[in-house]
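Here is the structure we will look at, set down as C-alpha cells.
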2 protein chains.
Amino acid sequence: MSKTSLMREAGEEKTTSERAYRLLREDIVSGALAPGQKLKIEMLRNRYDIGSGPLREAMSRLAGDHLVQILGQRGFVVADFTVQDAREIGDLRKLVEAEALSLSIPNGDTAWEERIITTFHRLERLETGPERGVEALAEWEQLNGAFHEALVAACPSVWLLRTRAGMFKHHERFRRLSRLRTVLTRDIHGEHRALMEAALDKDVAKSQRVIRTHIEATTEAVINAIKSLGVS
Amino acid sequence: MSKTSLMREAGEEKTTSERAYRLLREDIVSGALAPGQKLKIEMLRNRYDIGSGPLREAMSRLAGDHLVQILGQRGFVVADFTVQDAREIGDLRKLVEAEALSLSIPNGDTAWEERIITTFHRLERLETGPERGVEALAEWEQLNGAFHEALVAACPSVWLLRTRAGMFKHHERFRRLSRLRTVLTRDIHGEHRALMEAALDKDVAKSQRVIRTHIEATTEAVINAIKSLGVS
DNA sequence: GTCAACAAAAATATTTATATTTTTTATTTT
DNA sequence: AAAATAAAAAATATAAATATTTTTGTTGAC
C-alpha cells in the first residue's frame, strides 16, 4: 500500500484540485477571503502551496457556484454580496426548501424519522450546553446543516435537493456573518423543535409554514447583521 | 490596435478557457459528445486545438453546471441523463419559472411588453414559415429561449432568474433530443400565444397555469422521445 | 506647476510544454 | 482462472514561456 493511498483514507481527497477547491471554498465562506478581494495566483500559491493549474481549476468550479467571479484576462475575485443577494437567496431557499420538504414528508420512513430526531438532539445539546466561543460556531453550522438536510432527505428529486443544497450553502456565507455579529435573540431552538414536530406528524402544510417562517427569520437576522456592518 | 484586440470585437471572447467552455458546452448540449462519453484530454486537444490547461478549466466549470462529471484521477465524462432527470428538471423548472413569471408580470413595463411581442413574432415567423431542415432547429431553440426569457425579464430577483436559466439550459439537452425524434404534434405555437396573452393581460394566476401546462407538455414530449430511443 | 499622453517597466494572468503520478491494459506466472 | 507483474496510456501537476494588463515614470503642452 502506497503512501498516497494511505493518505487518501483519511480525507478521501484524490486530487490537488479537489483540495484547492475545498480550501478556497472554506476560506471564502468563512470570510477569511473577503468579498471583492482579488485572488492573485501568486498569493494563493504561497498560501496553500499548490500550483497555479489546480488553483485555476478550483476557481473555475467556484465560479460555477457563484462564489468566485472570473474577470477574463484580469484574474479572479471573491464574489461580492449585498443585502439584495441575501434577500433573494432567502426567498429562493424558502421556495425550494418548502417544496423539497413537502415531497420528503410523504416519503419518509422510520430511518428518516430517526435521522431527524438524532440530528435534532445533537443540535439541542450544543445549543443548551455550556456557552462556548467561536469554535462552537463552525460546529453549530455543521449540525444545523445536518438537521435541515435530514428533514428533506426523503425527497425523491435529486435535482431539487441539489438546488436546495446550493441555496443553503450560499446562505451559509450570510449566516456566519450574522452569527459573528448578533446575539442570538431568536428562539432558533424552538423553531427547530416546531419543524421537527410538524415533520414527524407528517403535516405537510404546517411544515411548509414553519420552514418558511424559519427561513424568513434567518434572512431578516442576516440582513440586519449586514446592515450593521455597513456593507451595502 | 493589435491583431487580438481586433479579433475580440467579433466574438467577444477574451480567453482560450472561455472558448473551450463554449465549444464543449455546445457539443455536449447538442449531443455531438454523447452522454457517458469519456472526455480524453488528448482527443479534445486535437478536436479543438486547445491545450490541456484551458480544457481542464472549461470542464471544471461544466462540472459545476452538472454537464460534466469529474471522476477524480480518472478524468472527465459527459454527464449521463435519464428519464428521471428529465422529469425532475421539468418539475423544478415548473416551480421556478412560474415563480419568476409571477414576479415579472407586476413589474413589467412597456419595454417588457414590447420585447415579449417581438420575440413572439420572431418565433411565429419561423414556426409558420416554410419547412426547413435541421439548421432551423438551433434557430428555433434560440428564439424559443429568447421568448421565455422575455416573459420573466422583469423579475427583480437575479438569483431566481439565474436558477431558472440553469434549469432551462439543462432542459435544452432534452428538448434537442426530442425534437430530433418526434414530429411536433403539439400546438406549441398556440401554447406560446396563450402564454403571451396571459402575460400581457397581467393575469398572474392564468400565466402560472399556462406556463406549468406548457412545461409539463414539453417534459412529456421529451420523456417519450427518450423512451423511444431506448435510453434508460 | 499641473495635466494629459505616451512609453517603458513591472506585475499579473494565461497558456503551453514537460515531468510526474496514477490508472488501465496486456502479459506472465502460479 | 486468479494473482502478480510489466508496459502503455492517461490524467494530473509543475515549471517555463508567452501575452496581457497595470503601474510607473517621462515628456510635452497648456
Side-chain angles (χ1 to χ4, degrees), chain A residues 1-25 28 33-34 36-64 67-79, chain B residues 1-25 28 33-34 36-64 67-79:
Chain A
M1 188 178 273
S2 72
K3 190 184 75 176
T4 33
S5 75
L6 264 169
M7 283 165 66
R8 227 179 261 166
E9 286 173 44
E12 198 55 55
E13 217 154 52
K14 292 192 190 91
T15 66
T16 312
S17 251
E18 276 176 62
R19 195 158 62 85
Y21 177 79
R22 180 178 53 78
L23 292 169
L24 269 167
R25 177 172 224 300
I28 290 170
L33 293 168
Q37 185 178 337
K38 197 135 196 317
L39 294 167
K40 295 196 186 153
I41 306 279
E42 174 69 8
M43 180 269 271
L44 297 173
R45 270 192 12 198
N46 294 331
R47 187 182 180 111
Y48 303 119
D49 192 35
I50 290 174
S52 67
L55 281 173
R56 292 180 58 85
E57 284 174 31
M59 289 192 285
S60 298
R61 277 178 74 183
L62 289 165
L67 281 174
V68 161
Q69 199 189 343
I70 300 179
L71 296 182
Q73 211 72 278
R74 308 195 302 135
F76 304 82
V77 296
V78 179
Chain B
M1 190 178 271
S2 73
K3 190 184 76 176
T4 34
S5 74
L6 265 168
M7 283 165 68
R8 225 180 264 167
E9 287 174 43
E12 199 54 55
E13 217 152 51
K14 292 192 191 91
T15 66
T16 312
S17 251
E18 275 176 62
R19 193 157 65 86
Y21 177 78
R22 181 177 53 78
L23 291 170
L24 270 167
R25 177 170 226 299
I28 290 170
L33 293 167
Q37 185 178 337
K38 197 135 197 317
L39 293 167
K40 294 196 185 153
I41 306 278
E42 174 68 8
M43 180 269 271
L44 297 173
R45 269 193 11 196
N46 295 330
R47 188 183 179 110
Y48 303 119
D49 193 35
I50 289 173
S52 67
L55 281 173
R56 291 180 58 84
E57 283 175 30
M59 289 192 285
S60 298
R61 277 178 75 183
L62 288 165
L67 281 173
V68 160
Q69 200 189 342
I70 300 179
L71 296 182
Q73 212 71 281
R74 307 196 301 134
F76 303 83
V77 296
V78 179

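This structure is a prediction, so every number in the text was calculated from the model and none was measured. Lettering of chains follows the sequences in order, A, B, ..., and the numbering in each one begins at 1.
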ask   = Which residue lies toward the 5' end of DNA chain D, B/Gly72 or A/Ser52, if each is placed at its nearest nucleotide?
value =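 First, find each residue's nearest nucleotide; the 5'-ward one identifies B/Gly72.
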
Which atoms form the tightest heavy-atom contact between [X] and [Y], and what is the distance?
X       : Y       : value
A/Ser17 : A/Ala58 : O-CB, 4.0 Å
A/Arg47 : A/Leu33 : NH1-CD2, 3.8 Å
B/Met59 : B/Val68 : O-CG1, 4.0 Å

Heavy atoms from C-beta onward define the side chain here; which of [options] lies closest to that of [X]?
X       : options                : result
A/Arg56 : D/dT12, D/dT21, C/dA13 : C/dA13
B/Thr15 : D/dT14, C/dT15, C/dT23 : C/dT15
A/Arg74 : D/dT21, C/dT23, C/dT15 : D/dT21
B/Ser17 : D/dA13, D/dT21, C/dT15 : C/dT15

Atom-to-atom span, [atom1] of [X] to [atom2] of [N] - whole angstrom:
X       : N      : atom1 : atom2 : value
A/Glu57 : C/dT15 : CD    : C1'   : 13 Å
B/Gln73 : C/dT23 : CD    : P     : 5 Å
A/Lys14 : D/dA13 : NZ    : P     : 13 Å
A/Ile70 : D/dT20 : CD1   : P     : 18 Å
B/Glu18 : D/dT20 : CD    : P     : 14 Å
A/Met59 : C/dT14 : CE    : C1'   : 11 Å
A/Leu71 : C/dA13 : CG    : P     : 9 Å

Side chains of [X] and [Y], heavy atoms from C-beta outward: is any pair under 4.5 Å?
X       : Y       : value
B/Tyr21 : B/Glu57 : no
A/Leu24 : A/Leu44 : yes
A/Lys14 : B/Ile70 : no

message = Whether B/Thr16 contacts C/dT15 is assessed here as follows: a side-chain N or O lying under 4.0 Å from the phosphate OP1 or OP2. Is that the case?
response =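 Result: yes.
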
ask   = Tell me, which of residues 36-47 of chain A have any heavy atom that sits under 4.0 Å from an atom in DNA chain C?
value =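 Going residue by residue through residues 36-47 of chain A, the ones with a heavy atom under 4.0 Å of DNA chain C turn out to be A/Lys38, A/Lys40, A/Ile41.
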
query = With a 4.0 Å cut-off on heavy atoms, is B/Gly53 in touch with a base, just the backbone sugar-phosphate, or nothing at all?
reply =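 Here B/Gly53 touches the bases of the nucleic acid.
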
query = Taking atom CG of B/Asn46 as the centre, does the number of heavy atoms from other residues, nucleotides or ligands within less than 6.0 Å exceed 12?
reply =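 Yes, because the 6.0 Å sphere around CG of B/Asn46 holds more than 12 heavy atoms from other groups.
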
